Amino acid sequence: MIDDTVLTAIDASGTATVTLNRPQVHNAFDDALIAALIATFEGLAGNPAVRVIVLRGAGQSFSAGGDLNWMRRMASYSHDENMADAAELGRLMSTLDTLPKPTIARVHGAVFAGGIGLVACCDIAVADQETIFCVSETRLGLVPAVISPYLVRAMGQRAARRYFLTAERFTAADAKRLGLIHEAAPAGELDQMIEEVVAALREGGAGAQVRSKRLIAEVADRPVDASVIDLTVRAIAAARASEEAREGLAAFFAKRKPRWR
């Protein structure tokens with residue numbers, strides 16, 4: 001546990017559950033929560049006992065975006081102070097997006113503004129079917145700037161044009177259709193669906209998952225030219241030579257489970 005605004009629990013199977021713990025304000029962001037999340041994610045990234053990370057919110061909501069008192073302070077900041085403050089939010093999103101572990105967003109209640117950014121930065125997102133989403137910044141005269149690369153990647157430019165500009169609320173069914181989340185869980189089934197995803201992730205080799213995650217970023221939106229082909233050839237050649245692949249293939253041919261399972 002970094003502080004009481006972020007709670008971390010690691011179970012015997014290597015699943016780390018990170019809980020946003022400001023339920024009284026629907027887990028709204030402020031500078032302290034951002035710093036605590038960065039420290040938590042950086043710590044988990046370097047922990048070899050952790051296989052999977054589940055991000056969730058305490059109380060009624062996943063995250064309602066920016067804390068009102070934090071936003072009041074920002075209004076009086078100088079340009080340099082706002083640059084430094086926004087840079088920490090950018091660091092948080094980048095840290096989560098590039099975390100060398102599989103990440104799952106367990107989503108419920110209200111998910112507004114920066115909270116949607118956290119969802120988009122996770123590898124997998126599963127939401128309760130009653131969840132409400134909103135890219136709410138323009139209604140406050142702000143822009144969803146720091147979260148925009150991750151949201152546009154997740155939901156596409158066309159949908160982003162609508163929801164960034166209108167700040168309309170949309171449902172879990174809409175979020176699934178747009179690609180922001182992978183599953184919308186029926187009432188009472190959210191935790192079961194999360195457990196199923198965690199179980200599926202534990203079937204794979206940790207090193208292979210880390211390399212596969214990085215590979216997606218390396219090849220996305222690039223033409224399939226000689227440099228991309230060379231990158232992929234090097235990636236599979238390195239994977240084949242790894243201890244993890246040797247164990248996985250030996251287990252497959254011996255009809256047994258690999259050691260990581």
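Predicted model only: the values in this text are computed from it and were never measured.
Annotation: the span from Glu168 atom CD to Ser136 atom OG amounts to 13.0 Å, rounded to 0.5 Å. Separating the CZ atom in Arg202 from the CZ atom in Arg51 is a distance of 8.5 Å, to the nearest 0.5 Å. Interatomic distance, Arg161 CZ to Met155 CE, rounded to the nearest 0.5 Å: 13.5 Å. Rounding to the nearest 0.5 Å gives a distance of 13.0 Å between CD1 of Ile124 and CG of Leu55. Here CD of Glu42 is found 10.0 Å from CG of Leu92. Values are rounded to the nearest 0.5 Å. In this structure, the separation between OG on Ser63 and CG on Leu37 is 9.0 Å, given to the nearest 0.5 Å.
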Stepwise, does the side-chain hydrogen bond (donor to acceptor under 3.5 Å, both in side chains) test hold for Asp11 with Ser13? CA-CA 5 Å; Asp11 69 18; Ser13 68; 2.7 Å; yes
What's the verdict on side-chain contact (heavy atoms from CB on, under 4.5 Å) for Trp70 and Asp31, showing C-alpha distance, side-chain angles and the deciding distance? CA-CA 7 Å; Trp70 180 47; Asp31 47 359; 4.0 Å; yes
Begin from the C-alpha positions of Ile10 and Leu44 and carry the test side-chain contact (heavy atoms from CB on, under 4.5 Å) through to its verdict. CA-CA 10 Å; Ile10 303 173; Leu44 293 173; 4.1 Å; yes
Determine, step by step, whether Asp85 and Arg73 satisfy the side-chain contact (heavy atoms from CB on, under 4.5 Å) criterion, reporting the C-alpha distance in whole Å, the side-chain angles of both residues, the deciding distance to 0.1 Å, and the verdict. CA-CA 11 Å; Asp85 189 80; Arg73 294 201 307 273; over 6 Å; no
Candidate pair Asp225 and Ser227, rule side-chain hydrogen bond (donor to acceptor under 3.5 Å, both in side chains), full reasoning: CA-CA 6 Å; Asp225 57 16; Ser227 65; 2.7 Å; yes
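At least one side-chain heavy atom of Leu231 sits under 4.5 Å from a side-chain heavy atom of Arg222. Contact check for Ile34 versus Phe29: side-chain heavy atoms found under the 4.5 Å cut-off. Counting only heavy atoms from C-beta outward, the side chains of Val119 and Phe62 approach each other to under 4.5 Å. By the 4.5 Å heavy-atom criterion applied to side chains, Asp123 and Leu99 are not counted as neighbours. Side-chain contact between Asp30 and Thr5 is absent, with no heavy-atom pair separated by less than 4.5 Å. Taking the side chain as every heavy atom from C-beta outward, Ile104 and Leu201 approach each other to under 4.5 Å. Between Phe164 and Val143, the closest side-chain pair of non-hydrogen atoms is not below 4.5 Å. Using a 4.5 Å heavy-atom cutoff, the side chains of Met193 and Pro186 are in contact.
A continuous path of Ile, Leu, Val, Met, Phe, Trp and Tyr side chains, each step under 4.5 Å between heavy atoms, connects Val146 with Phe41, placing both in one hydrophobic cluster. Leu96 and Val198 sit in two unconnected hydrophobic clusters of ILVMFWY residues. Membership requires side-chain heavy atoms under 4.5 Å apart, directly or through other members. In the hydrophobic clustering of this structure, Leu180 groups with Val152; members are Ile, Leu, Val, Met, Phe, Trp, Tyr whose side-chain heavy atoms approach within less than 4.5 Å, directly or through other members. Hydrophobic cluster membership differs between Val197 and Val210, with clusters built from Ile, Leu, Val, Met, Phe, Trp and Tyr side chains linked at under 4.5 angstrom. Clustering ILVMFWY residues whenever any of their side-chain heavy atoms sit less than 4.5 angstrom apart, transitively, puts Leu142 in the very cluster that holds Met74.
Within a 6.0 Å sphere centred on CZ of Arg259, heavy atoms belonging to other residues, nucleotides or ligands number 12 at most. Heavy-atom neighbours of Phe252 CZ from other residues, nucleotides or ligands within 6.0 Å: at or below the threshold of 12. When the shell of 6.0 Å around CZ of Arg234 is examined, it contains 12 or fewer heavy atoms from other residues, nucleotides or ligands. More than 12 heavy atoms of other residues, nucleotides or ligands sit less than 6.0 Å from atom CD of Gln24.
Shortest non-hydrogen contact noted between Leu151 and Val135 is CD1-CG2, 4.1 Å. For the residue pair Ile147 and Met93, the shortest heavy atom distance occurs at CG2-CE, 3.8 Å. Heavy atoms only, all atoms of each residue included: Ala187 and Asp128 are closest at CA-OD1, 4.3 Å. Taking every heavy atom of both residues into account, Tyr150 and Cys121 meet most closely at CG-SG, 3.5 Å. Taking all atoms of both residues into account, the shortest heavy-atom contact from Thr103 to Lys213 is OG1-NZ, 4.1 Å. Leu118 approaches Leu20 most closely through the heavy-atom pair CD1-CD1, 4.2 Å.
Applying side-chain contact (heavy atoms from CB on, under 4.5 Å) to Glu183 and the options Glu196, Lys176, Glu189 leaves one that passes, Lys176. Exactly one of Leu178, Asp174, Ile181 qualifies for a side-chain contact (heavy atoms from CB on, under 4.5 Å) with Phe133. That residue is Ile181.
Looking at residues two or more places apart in sequence or on another chain, you find no salt bridge (charged side-chain N to carboxylate O under 4.0 Å, His left out) involving Arg56.
At distances below 3.5 Å, at least one donor-acceptor pair connects side-chain atoms of Asn21 with backbone N or O atoms of Asp4. Here the side chain of Arg169 pairs no donor or acceptor atom with the backbone of Cys134 at under 3.5 angstrom. A distance-only check finds no donor-acceptor pair linking the side chain of Glu88 to the backbone of Ala35 [under 3.5 Å]. In this structure, the side chain of His26 does not engage the main chain of Val111 through any donor-acceptor pair within 3.5 Å. No side-chain donor-acceptor contact under 3.5 Å links Ser94 to the backbone of Arg91. The closest donor-acceptor contact from the side chain of Ser212 to the backbone of Gln209 lies at 3.5 Å or more, if one exists at all.
A salt bridge links Arg106 with Asp191; the closest basic N to acidic carboxylate O contact falls under 4.0 Å. A salt bridge links Glu218 to Arg211: one of the charged nitrogens lies within less than 4.0 Å of a carboxylate oxygen. Salt bridge annotation for Asp67-Arg22: present, with a cationic side-chain nitrogen under 4.0 angstrom from a carboxylate oxygen. Salt-bridge check for Arg261 with Glu247: failed, with every basic side-chain N at 4.0 Å or more from each acidic carboxylate O.
Using the six-membered ring where Trp is involved, Tyr163 and Phe170 have ring planes that are tilted, between 30° and 60° apart.
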